[in-house]
Amino acid sequence: MSVPGMGPKSFEQAAGFLKIPESGEALDNTWVHPENYAVARDIRGELEKGGALTTTSSLSSGVMARIKERYEVGETTINDIIEELKKPNRDPRDGYPKPIMQKGVISFEDLHEGMKVTGKIKNVVDFGAFVDMGIKETALVHISELSDTYVKDPMSVIKVGDVLEFRVIALDQDRRRISLSRRSSSPQAQGAGAGSKTPPAKVPVTGALAARGKGGEAGRPRGHRPEAKRPEAKASFESDDGSMYNPFAEAFKKMKEKKK
């Protein structure tokens, strides 16, 4: 109290964060505020009446009502004091989730696409979820990136408070926006994540290919000149490994084999 600028209220608030193990007063080594020492002593006496103080010790409803009336304190304050008396050296931060810390990531500039990061779900919306990664900017994981399989409702796979692993898939440097994904990076998994079968792209059969399909050389329009890139297109069909299957190309190939 002799420190300049330290008034009674400031001292009262600060003293609650100070522990003095060497003190002869046992309550000085707890988080109980000095202004509540009288009520704390009363509570401790009541808890020790049935024997030694244990983690299961509690007050009866009658004693609770008496202490509330005598000291003009609320039930929350009484319960906080009881918990502190049960665990005098407990750190009040122990009951809270640990902050998200990433090695080497302290700002937006430390991120890069493809990086694996840990994040905590801050909010879940219809189109996805917002993620806290321990930096200033909040990231977004779209509903289509929540799983390798189709997700109709984000709440069915995640909830607020979940701490999960993500992959950075896009960074908007101008607007400082971060896009994350929970999907596998393999092409097979990404195809499954769409939730529906996408039909193969249709390649129109026109020009010389269409003419041959109708009637070979005789079906070619008079004066028609083959396109210069047609041989390359033919080569692409022949060298197809099956990953780009096209039903029109397959039908044309079978037609040519029948003619031979």
Side-chain angles (χ1 to χ4, degrees), residues 3-7 9-21 29-33 76 79-80 83-84 87-196 198 243:
V3 176
M6 178 67 75
K9 269 298 176 184
S10 298
F11 174 81
E12 181 180 291
Q13 295 300 312
F17 294 94
L18 179 66
K19 286 186 177 182
I20 309 174
N29 195 28
T30 69
W31 295 119
V32 177
H33 285 234
T76 300
N79 288 330
D80 287 344
E83 289 303 311
E84 183 56 34
K87 302 177 182 178
N89 293 314
R90 175 183 62 90
D91 190 324
R93 297 168 295 183
D94 289 345
Y96 293 89
K98 297 185 183 299
I100 300 295
M101 301 293 288
Q102 321 234 24
K103 188 175 181 180
V105 178
I106 58 176
S107 67
F108 181 91
E109 286 70 25
D110 296 322
L111 299 172
H112 60 79
E113 292 186 18
M115 172 186 279
K116 296 290 183 67
V117 294
T118 301
K120 181 165 65 176
I121 304 297
K122 289 181 61 178
N123 190 23
V124 181
V125 292
D126 291 341
F127 55 85
F130 292 96
V131 182
D132 175 18
M133 299 193 304
I135 61 176
K136 179 181 177 181
E137 293 78 12
T138 298
L140 172 68
V141 52
H142 191 265
I143 185 173
S144 62
E145 297 292 339
L146 284 173
S147 173
D148 283 339
T149 56
Y150 175 72
V151 176
K152 183 178 181 181
D153 179 12
M155 291 292 288
S156 65
V157 293
I158 56 172
K159 65 181 183 299
V160 174
D162 283 351
V163 178
L164 305 167
E165 293 289 329
F166 298 91
R167 179 168 47 88
V168 179
I169 58 173
L171 295 169
D172 187 331
Q173 300 289 343
D174 295 330
R175 293 183 289 181
R176 300 181 74 82
R177 291 183 178 177
I178 307 164
S179 297
L180 303 178
S181 176
R182 286 272 296 160
R183 290 172 60 184
S184 168
S185 57
S186 66
Q188 293 84 354
Q190 289 185 6
S196 61
T198 303
S243 62

In Arg175, Arg176, Arg177, the residue satisfying side-chain contact (heavy atoms from CB on, under 4.5 Å) with Glu137 is Arg176

For the residue pair [X] and [Y], what are the closest heavy atoms and their distance?
X: Pro21; Y: Lys19; answer: CD-O, 3.5 Å
X: Ala129; Y: Ile158; answer: CB-CD1, 3.4 Å
X: Asp126; Y: Pro154; answer: O-CG, 3.6 Å
X: Ser147; Y: Val151; answer: CB-CG2, 3.7 Å
X: Trp31; Y: Leu18; answer: CZ3-N, 4.1 Å
X: Gln173; Y: Phe108; answer: OE1-CE2, 3.2 Å

Ignoring hydrogens and geometry, is there a side-chain-to-backbone donor-acceptor pair from [X] to [Y] under 3.5 Å?
X: Glu145; Y: Arg182; answer: no
X: Asp110; Y: Ile106; answer: yes
X: Asp132; Y: Lys122; answer: no

- request: Determine whether Met133 and Thr138 make a side-chain contact, defined as any pair of heavy atoms from C-beta on separated by less than 4.5 Å.
  value: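 Result no, sub-4.5 Å side-chain heavy-atom pair not found.
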
Do Leu111 and Ile135 come within less than 4.5 Å of each other through their side chains, counting heavy atoms only?
->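 In short, these two side chains touch, coming nearer than 4.5 Å.
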
With sequence neighbours left out, the residues meeting side-chain contact (heavy atoms from CB on, under 4.5 Å) with Ala170 are Ser179

Distance in Å, [X] [atom1] paired with [Y] [atom2], rounded so as to fall on 0.5 Å steps:
X: Leu140; Y: Phe130; atom1: CG; atom2: CZ; value: 5.5 Å
X: Lys120; Y: Leu164; atom1: NZ; atom2: CG; value: 11.5 Å
X: Glu113; Y: Ile178; atom1: CD; atom2: CD1; value: 11.5 Å
X: Thr149; Y: Leu146; atom1: OG1; atom2: CG; value: 10.0 Å
X: Ile169; Y: Ser181; atom1: CD1; atom2: OG; value: 5.0 Å
X: Phe17; Y: His33; atom1: CZ; atom2: NE2; value: 5.5 Å

Review point. Strictly by modelled atom types, are Thr30 and Glu84 linked by a side-chain donor-acceptor pair under 3.5 Å?
Key: no

